[in-house]
Peer 1: 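Below you will find the structure I want to go over with you.
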Amino acid sequence: MTDEPEIAAIPTVYSGTTFRSRLEARWATFLDSHHITWQYEPETITLPSDTVYVPDFWLPELGTWIEVKGDGIPRIEKAVELGETRACHCDDDCTCTWPGGELVIIGHPPKPHDLHRDPKLQGMHYIAAANIARRHGGHPNWTTACGRTAWLGVCPSCSKTGWFLSHHPVRCRACRKVPTSGRLYAVVEPVLTFPKDIGSHVPALPADPERQARIAERQAELDDNDPEPWWV
């Protein structure tokens with residue numbers, strides 16, 4: 001749950017859900033843009049410290065929590081404690097439901113769009129470029145409660161978009177497979193955009209092109225009466 005003692009939150013309705021702040025609703029829009037299934041405040045958790053905590057988002061297909069923190073709300077003690085509690089504590093190979101245990105992401109306000117890093121604006125008049133930048137939603141900005149790096153990407157095996165935690169080996173949190181192709185994106189990369197407005201979806205990450213080509217080629221060979229696609 002996002003507490004905003006210094007900056008008043010504006011309750012915002014999106015997709016039939018009333019969020020406590022516009023930033024939460026923008027994060028929900030970002031998740032929808034990438035076809036990531038989310039649940040809003042689905043569980044009240046009592047932490048080992050006896051603190052009661054209601055995380056903002058649960059991503060059931062990825063074993064991931066997201067706690068949204070706006071400007072002026074730096075405290076993340078509850079999220080950190082949740083991350084430590086739900087992380088992998090296996091002695092040898094990880095046998096947790098999710099690789100590395102449950103992941104806790106801290107969702108921050110987006111980073112502003114940098115005119116100088118946008119190749120589309122190179123050579124454009126500064127005023128025109130600045131007007132475009134002002135209408136830009138910025139770039140998604142996140143950290144992890146555990147302090148480790150997490151990349152966003154599309155799994156080439158199951159085609160689900162999600163966060164990949166930096167542990168060895170890096171595995172998809174949905175299917176547990178190690179990605180052998182495709183690209184993982186770091187925080188605030190220019191290719192990742194954040195919604196400027198509630199419900200204004202941004203482009204999703206491209207799925208692995210080689211795998212998509214293989215699927216299309218194989219599907220063209222299948223009989224129309226085949227009971228289900230071969231990759232399911």
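As a basis for the values below, the full set of heavy atoms in this structure was taken, side chains included, without hydrogen atoms, waters or symmetry mates.
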Peer 1: Using every non-hydrogen atom in the two residues, find where E189 and A186 come nearest and quote the distance to one decimal.
Peer 2: OE2-N, 2.6 Å

Peer 1: Could you go through the side chain to side chain contact (heavy atoms under 4.5 Å, CB included) check for H35 and T161 one step at a time?
Peer 2: CA-CA 7 Å; H35 311 292; T161 300; 6.0 Å; no

Peer 1: Would you say the ring centers of F19 and W38 fall short of 6.0 Å from each other?
Peer 2: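 Ring centres of W38 and F19 closer than 6.0 Å.
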
Peer 1: Once you round to the nearest 0.5 Å, how far does OG1 of T18 lie from CD of E41?
Peer 2: 10.5 Å

Peer 1: Is the shortest side-chain heavy-atom distance between I198 and R26 below 4.5 Å?
Peer 2: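 Yes, side chains in contact.
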
Peer 1: I want to check something: taking the side chain as every heavy atom from C-beta on, are H34 and L205 in contact at a cut-off of under 4.5 Å?
Peer 2: yes

Peer 1: Side chain of H139, backbone of L192: donor and acceptor closer than 3.5 Å?
Peer 2: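 Flag set: sc H139 to bb L192 pair under 3.5 Å.
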
Peer 1: What are the two closest heavy atoms between C88 and C94, and how far apart are they?
Peer 2: SG-SG, 3.7 Å

Peer 1: Side-chain contact test, heavy atoms from C-beta onward, threshold under 4.5 Å: evaluate it for S33 versus P203 and give yes or no.
Peer 2: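 No, too far: nothing below the 4.5 Å cut-off.
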
Peer 1: Checking side chain to side chain contact (heavy atoms under 4.5 Å, CB included) for the pair S157/C172: CA distance, chi angles, key distance, verdict?
Peer 2: CA-CA 9 Å; S157 297; C172 171; over 6 Å; no

Peer 1: Under a 4.0 Å N-O cut-off, is there an ion pair linking R173 with E61?
Peer 2: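 No, this pair does not count.
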
Peer 1: Could you check whether any side-chain N or O of E81 sits under 3.5 Å from a backbone N or O of K78, counting only pairs where one atom can act as donor and the other as acceptor?
Peer 2: no

Peer 1: Side chains of P55 and L82: closer than 4.5 Å at any heavy-atom pair?
Peer 2: yes

Peer 1: Given 3.5 Å as the limit, does a donor-acceptor pair link the side chain of D56 with the main chain of V68, or not?
Peer 2: yes

Peer 1: Using a 3.5 Å distance criterion without hydrogens, assess whether the side chain of T29 forms a donor-acceptor pair with backbone atoms of A25.
Peer 2: yes

Peer 1: When rounded to the nearest 0.5 angstrom, what is the spacing between CZ in R148 and CG in L103?
Peer 2: 9.5 Å

Peer 1: Is the shortest heavy-atom distance from the side chain of W27 to the side chain of F57 under 4.5 Å?
Peer 2: yes

Peer 1: Between L184 and L152, is any pair of side-chain heavy atoms under 4.5 Å apart?
Peer 2: no

Peer 1: How close do Q39 and P60 get, counting heavy atoms only, and between which atoms?
Peer 2: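 Closest approach of Q39 to P60: NE2-CG, 3.8 Å.
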
Peer 1: Evaluate the criterion side chain to side chain donor-acceptor pair (under 3.5 Å) for residue pair T51 and S49; output intermediate values, then yes/no.
Peer 2: CA-CA 5 Å; T51 302; S49 62; 2.9 Å; yes

Peer 1: If every non-hydrogen atom of N141 is compared with every non-hydrogen atom of P110, which pair is closest and at what distance?
Peer 2: CB-CA, 4.4 Å

Peer 1: Does any pair with a residue in residues 83-96 pass side chain to side chain donor-acceptor pair (under 3.5 Å), and if so which ones, sequence neighbours excluded?
Peer 2: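 Listed by first then second residue: R86-E102.
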
Peer 1: Can you name the ring pair (Phe, Tyr, Trp, His ring centres under 6.0 Å) partners of Y14, sequence neighbours left out?
Peer 2: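 Here no residue qualifies.
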
Peer 1: Side-chain contact test, heavy atoms from C-beta onward, threshold under 4.5 Å: evaluate it for R171 versus P179 and give yes or no.
Peer 2: no

Peer 1: Strictly distance-based, threshold 3.5 Å: is any side-chain N or O of K111 a donor or acceptor partner for the main-chain N or O of P140?
Peer 2: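 Checked: no pair found.
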
Peer 1: Decide yes or no on side chain to side chain contact (heavy atoms under 4.5 Å, CB included) for W151 and Y185, but give the supporting numbers first.
Peer 2: CA-CA 5 Å; W151 300 280; Y185 296 86; 5.9 Å; no

Peer 1: Run the numbers on T37 and L59 for side chain to side chain contact (heavy atoms under 4.5 Å, CB included), then give the verdict.
Peer 2: CA-CA 6 Å; T37 302; L59 314 182; over 6 Å; no

Peer 1: Is there side-chain contact between F164 and L62, with heavy atoms separated by less than 4.5 Å?
Peer 2: no

Peer 1: Locate the shortest heavy-atom distance separating P42 from W65; write the atom from each residue and the value.
Peer 2: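 Residues P42 and W65, closest heavy atoms: CG-CZ3, 4.4 Å.
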
Peer 1: I'd like to know if the side chain of T12 and the backbone of I10 have a donor-acceptor N/O pair within less than 3.5 Å.
Peer 2: yes

Peer 1: If I take atom CZ from residue R176 and atom SG from residue C158, how far apart are they, to the nearest 0.5 angstrom?
Peer 2: 12.5 Å

Peer 1: Partners of W142 by ring pair (Phe, Tyr, Trp, His ring centres under 6.0 Å), sequence neighbours excluded?
Peer 2: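 With neighbours one apart ignored, the set is W163.
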
Peer 1: Quick check on side-chain contact (heavy atoms from CB on, under 4.5 Å): which of V104, I106, L31 does I66 satisfy it with?
Peer 2: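 Going through V104, I106, L31 one by one, the side-chain contact (heavy atoms from CB on, under 4.5 Å) with I66 is satisfied by L31 alone.
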
Peer 1: Any donor and acceptor pair, going by atom type alone, linking the side chain of T46 with main-chain N or O of D50 inside 3.5 Å?
Peer 2: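 Side chain of T46 to backbone of D50, a donor-acceptor pair under 3.5 Å: no, none is there.
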
